[in-house]
Amino acid sequence: MQTEVLKLNLIRYIMEVGDISKLKRMDFMLRNITKGESKVDPRKFSKPIRGKLDVDKLKKEQNYKPIDKKVFFKKIKKLEIEESIEELLEMI
C-alpha cells in the first residue's frame with residue numbers, strides 16, 4: 001500500500017514540473033537508478049544557493065499566480081461536502 005502511494009506521489013510531482021531541464025535531469029537519474037547504477041552523484045544536478053532571496057523574482061521564475069479567494073470558496077460550495085474536515089482527514 002505504501003509503495004503505491006509513493007508511486008502516485010512521484011507521478012503527481014513529475015506532472016507538476018514544467019521545466020524541461022528539470023524533467024531531463026529527473027529522467028536521467030531515474031534511468032540510472034532503475035538500471036541499478038547507484039553511482040549517480042546528485043551534486044552533479046544541484047545549482048548554487050543564491051546569496052539573497054528575492055520573492056518577486058522567485059514568483060516570476062515559478063510563474064506564480066495567486067488564487068482568487070471568492071472563486072475558490074465558490075468552487076468548494078459547489079462540491080456540497082457534508083463531512084467535517086476531521087472526517088475527511090480520517091479518509092486519507
Side-chain angles (χ1 to χ4, degrees):
M1 180 71 177
Q2 252 186 334
T3 303
E4 296 303 316
V5 171
L6 184 57
K7 287 179 182 180
L8 287 172
N9 286 341
L10 286 168
I11 291 168
R12 284 187 195 117
Y13 174 73
I14 291 168
M15 293 301 294
E16 290 175 4
V17 175
D19 184 352
I20 190 71
S21 65
K22 288 180 183 177
L23 288 169
K24 286 179 180 179
R25 290 191 312 240
M26 292 167 68
D27 179 56
F28 176 78
M29 289 188 77
L30 287 171
R31 285 177 190 268
N32 285 326
I33 290 169
T34 56
K35 287 179 185 176
E37 297 177 14
S38 60
K39 295 184 179 182
V40 176
D41 185 5
R43 289 177 293 185
K44 192 184 336 181
F45 302 102
S46 64
K47 294 180 180 177
I49 297 174
R50 298 176 187 181
K52 182 181 176 189
L53 178 64
D54 184 350
V55 177
D56 292 325
K57 187 175 179 182
L58 197 58
K59 284 180 181 179
K60 187 176 181 180
E61 286 175 4
Q62 296 184 1
N63 198 23
Y64 173 76
K65 293 182 179 95
I67 61 170
D68 184 338
K69 188 176 179 180
K70 290 179 182 179
V71 173
F72 176 74
F73 284 109
K74 193 182 268 187
K75 287 181 180 182
I76 289 177
K77 200 169 197 169
K78 271 186 179 179
L79 293 174
E80 297 178 3
I81 299 172
E82 296 176 4
E83 295 84 359
S84 68
I85 188 71
E86 290 80 15
E87 290 173 311
L88 293 170
L89 288 171
E90 284 179 18
M91 291 180 193
I92 295 179

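It should be emphasised that the depicted structure is a prediction, and the values quoted were computed from it without experimental measurement.
By the side-chain contact (heavy atoms from CB on, under 4.5 Å) test, Glu90 pairs with no residue at all, sequence neighbours left out. A search for side-chain hydrogen bond (donor to acceptor under 3.5 Å, both in side chains) contacts involving Gln62 returns nothing, not counting sequence neighbours. In this view, Leu88 and Ile81, Glu83, Met91 satisfy the side-chain contact (heavy atoms from CB on, under 4.5 Å) rule, not counting sequence neighbours. Here Asp19 pairs with Ser21, Lys22 under the side-chain contact (heavy atoms from CB on, under 4.5 Å) rule; sequence neighbours left out. By the side-chain hydrogen bond (donor to acceptor under 3.5 Å, both in side chains) test, Asp56 pairs with no residue at all, sequence neighbours left out. Scanning for side-chain contact (heavy atoms from CB on, under 4.5 Å) contacts around Met15 gives Ile11, with sequence neighbours left out.
Think of Ile76 as one node in a network of Ile, Leu, Val, Met, Phe, Trp and Tyr side chains linked at under 4.5 Å; its network also takes in Ile67, Phe72, Phe73. Other residues sharing a hydrophobic cluster with Ile85 under the 4.5 Å side-chain heavy-atom criterion for ILVMFWY residues are Leu89, Ile92. Taking Ile, Leu, Val, Met, Phe, Trp and Tyr as members and joining any whose side-chain heavy atoms lie under 4.5 Å apart, directly or through other members, the hydrophobic cluster of Leu53 also contains Leu58. Taking a 4.5 Å side-chain heavy-atom cut-off between Ile, Leu, Val, Met, Phe, Trp and Tyr, the cluster of Val17 extends to Tyr13, Ile14, Leu23, Met26, Leu30.
Within the structure, salt bridge (charged side-chain N to carboxylate O under 4.0 Å, His left out) contacts touching residues 58-67 (residues at least two apart or in different chains) are Arg50-Glu61. Judged as a side-chain hydrogen bond (donor to acceptor under 3.5 Å, both in side chains), not a single pair has a partner in residues 73-82 (not counting sequence neighbours).
Here the shortest heavy-atom pairing between Asp68 and Lys70 reads OD1-N, 3.1 Å.
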